[in-house]
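All values below come from the heavy atoms of this structure, side chains included, with hydrogens, waters and symmetry mates left out. Remember, it's a predicted structure, so these values are computed and weren't measured experimentally. As the structure lists them, so they are numbered: ligands from 1, and atoms in each ligand from 1.
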Amino acid sequence: MSEKKLITILVPAYNEQDVLNMLYERLSKLINSITNYDFEILFINDGSKDDTLNIIKNLRNLDKRVCYLNLSRNYGKEIAMIAGLDYSKGDAVIIIDADLQDPPELIPEMIKYWEQGYDDIYAKRKSRKGETWLKKFTSKMFYKTLQSVTKIEIQKDTGDFRLLDRRCVEALKQLRESQRYTKGLFSWIGYNKKEILFERDKRAAGKTKWNYKKLIDLSIDGLTSFTTAPLRWSAIIGLLVSLAGFIYMLVIIMKTIIYGVDVPGYASTMVVTLFLGGIQLIFLGIIGEYLGRAFYETKNRPIYFVDTYNEEKETNIK
Ligand code: UDP
Ligand code: MG
């Protein structure tokens with residue numbers, strides 16, 4: 001028994017009462033059929049307000065392979081994932097969404113590549129069923145922008161559904177930033193990556209927790225945590241604008257010398273003032289964005305607190 005390697009299936013769950021039983025059924029069927037590994041299904045209850053925790057507890061009563069980590073409140077999926085990595089015991093960890101958008105049936109293929117020596121086997125979606133064209137379009141533009149400003153390769157159309165070798169997990173555990181953009185972190189740590197393709201299904205039940213505000217926040221986190229390029233753009237644009245301003249100044253001086261004082265200058269003055277004012281505010285905003293991140297990170301708070309791990313009360317984080 002004990003020589004078998006252990007694989008942790010990590011499931012972040014926030015208000016997922018409608019799908020958990022379905023998920024467990026599909027997962028257990030699958031892992032029962034894989035006999036050469038032991039499994040642990042680790043649910044992270046991310047401060048759910050519905051019956052999620054009770055359902056997980058019931059599952060644990062039925063099946064001791066089910067473990068759970070109950071966070072002290074809702075922290076968001078990014079933090080729920082690192083909490084799960086901290087508490088996972090497996091030689092490999094598979095991160096999967098609770099809503100069955102990531103088909104568990106892909107797991108054997110992931111394991112196959114893991115056995116071949118890959119460290120990070122991630123599932124890339126061929127299509128995005130059940131998503132509006134606007135979401136598809138914005139996500140495409142975001143990936144494009146992000147990729148153009150950073151040297152690290154960002155995987156397109158890839159979620160968090162992946163198998164990570166223990167050494168990737170240990171690497172990720174060392175990245176303790178509080179504003180996490182995990183998708184970028186997966187790329188940042190490197191190691192041998194392998195892509196597999198799949199059709200992403202619609203959420204099986206329940207509602208998505210994403211909205212545009214959250215997506216915009218995540219995009220800004222993604223950009224600002226991986227590159228300082230926006231700061232450089234500001235500097236370059238600022239330089240160009242001041243160059244243009246300087247040339248315009250010379251033009252005005254020459255005009256004044258040649259034609260005398262030209263009183264009606266209201267329009268040009270307003271245009272220049274407004275334009276420069278606008279640019280300055282935008283750049284202040286960009287600087288502020290980075291300053292804000294620095295502010296959060298320098299506080300150095302623990303990134304989450306745990307209420308219970310399985311039946312035990314936790315008083316501190318790992
Ligand atoms: N999730 C979480 N905490 C949150 C929001 C979401 O743990 O604050 C989990 C959720 O339960 C699901 C996964 O993250 O397992 C993906 O969420 P969702 O399906 O709402 O996102 P989408 O698939 O629409 O991007
Ligand atoms: Mg989903």
**Q** Give the single entry among Asp46, Asp160, Asp99 that approaches atom 19 (O) of ligand 1 most closely by any heavy atom.
**A**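 Comparing heavy atoms across Asp46, Asp160, Asp99, the nearest one to atom 19 (O) of ligand 1 lies in Asp99.
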**Q** Taking the side chain as every heavy atom from C-beta outward, state whether Tyr304 and Asp86 have any atom pair closer than 4.5 Å.
**A**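 Tyr304 reaches Asp86 side chain to side chain.
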**Q** Tell me, yes or no, whether the heavy-atom count around Met249 atom CE, taken from other residues, nucleotides or ligands under 6.0 Å, exceeds 12.
**A**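 Result for CE/Met249: enclosed.
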**Q** With salt bridge (charged side-chain N to carboxylate O under 4.0 Å, His left out) as the test, would you mind laying out the steps for Glu170 and Arg167 before giving the verdict?
**A** CA-CA 5 Å; Glu170 292 304 322; Arg167 58 182 184 155; over 6 Å; no
**Q** Does any part of the side chain of Tyr24, heavy atoms only, come nearer than 4.5 Å to the side chain of Val66, both counted from C-beta?
**A**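 Val66 reaches Tyr24 side chain to side chain.
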**Q** I'd like to check which ligand 1 atoms, numbered from 1 as shown, lie under 4.0 Å from a non-hydrogen atom of Glu16.
**A**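 Going through ligand 1 atom by atom, the ones under 4.0 Å from Glu16 are 10 (C), 11 (O), 12 (C), 15 (O).
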**Q** Any heavy-atom pair between the side chains of Lys77 and Asp97 that's under 4.5 Å?
**A**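 Yes, close enough: below the 4.5 Å cut-off.
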**Q** Does the separation of the ring centres of Tyr122 and Phe186 fall below 6.0 angstrom?
**A**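 That pair fails the under 6.0 Å test.
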**Q** Is there a nitrogen or oxygen of Ala98 sitting under 3.5 Å from a nitrogen or oxygen of ligand 1?
**A**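 Yes, Ala98 has an N/O under 3.5 Å of an N/O on ligand 1.
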**Q** What part of Ile44, side chain from CB on, backbone N/CA/C/O, both or neither, has a heavy atom under 4.0 Å from ligand 1?
**A**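 Near ligand 1, Ile44 shows nothing, with every heavy atom at 4.0 Å or more.
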**Q** Should one rank Glu78, Met81, Lys77, Gln101 by closest heavy-atom distance to atom 23 (O) of ligand 1, which comes out on top?
**A**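 It is Gln101 that holds the nearest heavy atom.
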**Q** Under a 4.5 Å cut-off applied to non-hydrogen side-chain atoms, are Lys193 and Tyr118 in contact?
**A**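 In short, these two side chains do not touch, never coming nearer than 4.5 Å.
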**Q** Could you tally the protein N/O/S atoms lying less than 2.8 Å away from the Mg ion (ligand 2)?
**A**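 Total protein N/O/S atoms under 2.8 Å from the Mg ion (ligand 2): 2.
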**Q** What class does the angle between the rings of Trp114 and Tyr37 fall in, given that below 30° is parallel, 30 to 60° is tilted and above 60° is perpendicular?
**A**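 Taking Tyr37 first and then Trp114, their aromatic rings sit tilted (interplane angle of 30° to 60°).
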